Structures are given as structure tokens and as C-alpha cells.
Amino acid sequence: MVQASIPVDLFNPGQVFACLGFMEAADILRGHAEGGFDWSNDADTRFTLKADSDRNPFATVLEFLVEAEIVSLAPANSSNDTAKWKIETVSLPDGDPFPFPDPDTPATLPARLTSADGREMVIDHWGDGTLRDKVKFWAGSGGYPGVALVSDMRDLIKTSVVEQCRGFADAVSDPFALSAAQSGSFRFDWRRDYIPIDAGFSPNSQKDVNMLGFPIVELLAAIGLTNARPQRVGNLEYRYGIAGLEGTRLLSPVFLRAALGAGPAIPSSENDAFLPLPRRTFRMHLGWPAQEGQARCILDVDEEIDP
């Protein structure tokens, strides 16, 4: 098993979600993934990951994303498809399980990524039909679909980012620092987002302004929400948590998933979940970049201080 680490900004929710995305992907692709956050050095906080492989697990995941075929999935007899966005829709056989009821529009059809050797992963958190929050910050139930955003992010990783880095070396050592001109996103990385009334103008209306986004963060964050979600405190407020290393011991995915959506690190009431692990919790505050009730973007993040 190979172990590696990358720098992470704990006050950037998208980067935290993306760390879990690397873990989820490595677990699918190689198995026996373990990870943990290390904040022992405030000037160099890191996420460590290992998996059952003789290669760097971060490189394994990025190479899978670059090579993968992307399609949308629809239940049997569904009228939904994403052909309008030049993405094939695969209808599941009658009787095969689908993660949620057939949506009203193709916007929330799941995305399936498949490698040449048949390895697969599905991204579908935006259509979750359970009691868990969807954590869907991008707008328009009938607009641009999630699978199209997945394809866009992958293409940016494959072209702009990989060419910028002359291969995977820089991307593997510091993936969350790599940027590319980006017209749309899942709004997980707040370094790109803005509220026009606060900024004083809208960059989208300026032909000579290209907003830089962080496609590795965006795509891996979407994967990271597969099995865990931050805790919704209000319509414009979420809590997320991280679990730290115990010495040099890494944690299995179940603990990192639980930490992401658990309550405060030090429970303040009997209703707060408790995890006997080194933990930190944060609150992210959101705003409406356009019409209220549509897209949301992250404005700022505060750490919850233990009483």
C-alpha cells in the first residue's frame, strides 16, 4: 500500500469535500482506502490517503477521471435524457434499482464514470430522495444538468490543468491549487464565487473577464458527497466536520464520513452526535448570487470553538 498527502485549506469546504472524494474514489478503484486530516502544523495542514495499490492514490484517481467515459443514467421507461448537452443517457433495464424517483427534468440524472477496464463510480447526491440534504448549490431544476458539469470539470482537468502542469506531477502534489478558466461549477470552491451586488459588478457581463475556477476541487467534492453530507443548520448555513489522525494511524472511510456531518466536536446537548476522535468543526455561510431560492454560493467560514 502506498501512502501520500496533499495540502488542504480546512476553511474551504470544497477542498474538505474533495479530500473525501479522493478517498471514496480510491476505495472504489483500489480498495481498503484510509485517510485523515493532519493540522499539527498550522502553516501546512494536509490530508493523508493510502489505498491497496503500489501507486500514489491521488495519481490513480486523477488518471481515472481523465480517462473515464461519462454518461447519464435514467430509470427504465424514463423520458429524460441529456442528448441536448451531447451526453449519452443509458436507460437501466426494467426492474434495476434507481437511487431516487424519476426526476421531472434531466438536470438531476446521475452521472456514471467508467474506465476502459470497466471500473465505475456514480455521482448522484444532487437528486437524493432520502432525508439527507442534497447540498445542491447550483441553480435551475430544469437547466444545465449535473452530468454536464461533471463532463465540463473533467474536460478542464484533462486539457487546461494537465497541460498547465505538463502532466500529473504538479496536480498530484497540490491538486487544489490548480486553476482554469471556468464558466460554471457546482459552487463548492468559494474562491471563484461572488455576489454581484457585493462585488459591485457581474464578471459574467464583462467579455474580457474570465473567472478562474478549480475543477479538481469541484469534481472531487461532488464525488466526496456520495456517502456523507454536511449538516444543514439553515437554508444558508451548514456545519461540516473533519477527523484528525491519531498519531500516524489513518481512519477508515466510515469515520471520515461520520465526522463530516456530525455535530460539534464537543457535544453541547444529548442530541449532538459524539465521535471519540480528534475533530474540528466549521460553519459555512452562504448567500444568493442571483434570485433568492435558486443558486447559493459560499460567503465565509468560521470554526466552531469548543466551550
Side-chain angles (χ1 to χ4, degrees), residues 6-9 12-26 28-29 47 49 56-72 82 85-87 107 110-115 121-126 135-140 143-194 203-204 209-226 289 295-298:
I6 57 173
V8 55
D9 178 1
N12 184 322
Q15 291 190 22
V16 172
F17 303 161
C19 287
L20 269 67
F22 272 116
M23 176 194 68
E24 298 287 1
I28 292 172
L29 298 175
F47 179 73
L49 176 66
N56 183 309
F58 297 104
T60 297
V61 171
L62 290 175
E63 289 178 4
F64 167 82
L65 295 177
V66 166
E67 298 169 357
E69 176 191 42
I70 300 173
V71 301
S72 63
T82 51
W85 296 276
K86 299 181 180 180
I87 296 174
R112 185 181 70 190
L113 288 73
T114 308
S115 65
M121 64 182 66
V122 174
I123 307 174
D124 61 6
H125 72 86
W126 49 64
V135 196
K136 181 177 178 290
F137 297 162
W138 45 283
Y144 206 62
V147 65
L149 286 171
V150 168
S151 181
D152 290 345
M153 297 305 104
R154 191 283 299 276
D155 289 347
L156 286 175
I157 296 171
K158 188 174 183 178
T159 56
S160 300
V161 173
V162 172
E163 290 173 2
Q164 172 187 335
C165 299
R166 299 178 181 177
F168 279 110
D170 290 345
V172 169
S173 64
D174 192 4
F176 302 153
L178 302 175
S179 62
Q182 186 175 299
S183 59
S185 73
F186 292 116
R187 296 185 178 275
F188 288 136
D189 195 313
W190 65 331
R191 289 175 289 179
R192 176 187 175 275
D193 274 323
Y194 59 91
N204 284 342
V209 175
N210 290 319
M211 297 296 290
L212 291 179
F214 300 85
I216 291 178
V217 174
E218 296 286 349
L219 182 49
L220 268 299
I223 296 172
L225 297 179
T226 300
R296 294 174 289 174
C297 67
I298 301 168

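In this chain, residues are counted from 1 in sequence order. Small disclaimer: the values here were computed from a predicted structure and weren't measured. The basis for the numbers below is simple: all heavy atoms, side chains too, and nothing from hydrogens, waters or symmetry mates.
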- Query: Do the side chain of Q15 and the main chain of D9 share a donor and acceptor less than 3.5 angstrom apart?
  - Reply: yes
- Message: What's the separation between atom CZ in F58 and atom CG in L220, rounded to the nearest 0.5 Å?
- Response: 9.5 Å
- Task: For H125 and A222, work out which heavy atoms get closest and say how close.
- Result: CD2-O, 3.5 Å
- Task: Taking ring pair (Phe, Tyr, Trp, His ring centres under 6.0 Å) as the test, write out the residues that go with F47, two or more places apart.
- Result: F37
- Message: Tell me every residue that passes side-chain contact (heavy atoms from CB on, under 4.5 Å) with P175, counting only those two or more places apart in sequence or in another chain.
- Response: I6, F22, I216
- Query: What closest approach, in Å, do C19 and F176 show between heavy atoms, and which atom pair accounts for it?
  - Reply: SG-CE1, 3.7 Å
- Heavy-atom closest pair, residues L156 and A181: CD2-O, 3.7 Å
- Do F137 and I298 come within less than 4.5 Å of each other through their side chains, counting heavy atoms only? yes
- Message: Counting C-beta onward and ignoring hydrogens, is there a side-chain heavy-atom pair between L113 and R154 closer than 4.5 Å?
- Response: no
- Item | Inter-residue atom distance I123.CD1 - L219.CG, 0.5 Å rounding | 5.0 Å
- Note on the structure: What one should report as the nearest heavy-atom pair of S179 and F214 is CB-CE2, 3.8 Å
Determine all donor-acceptor pairs shorter than 3.5 Å in which one atom belongs to a side chain in residues 60-71; sequence neighbours excluded.
unit_1: T60; atom_1: OG1; unit_2: N56; atom_2: O; d: 3.2
unit_1: E63; atom_1: OE1; unit_2: R55; atom_2: NH1; d: 3.3
unit_1: E63; atom_1: OE2; unit_2: R55; atom_2: NH2; d: 3.0

- Item | With D124 via side-chain hydrogen bond (donor to acceptor under 3.5 Å, both in side chains) - residues at least two apart | none
- Message: According to side-chain contact (heavy atoms from CB on, under 4.5 Å), who are the partners of E218, at least two apart in sequence or on a separate chain?
- Response: M153, Q182, S185, F186, F188, D189
- Query: If you look at every heavy atom in I87 and S72, which pair is closest and at what distance?
  - Reply: CG2-N, 4.0 Å
- Taking all atoms of both residues into account, what is the closest heavy-atom pair of G14 and A221, and its distance? O-CB, 3.6 Å
- For I28, all residues meeting side-chain contact (heavy atoms from CB on, under 4.5 Å), sequence neighbours excluded: M121
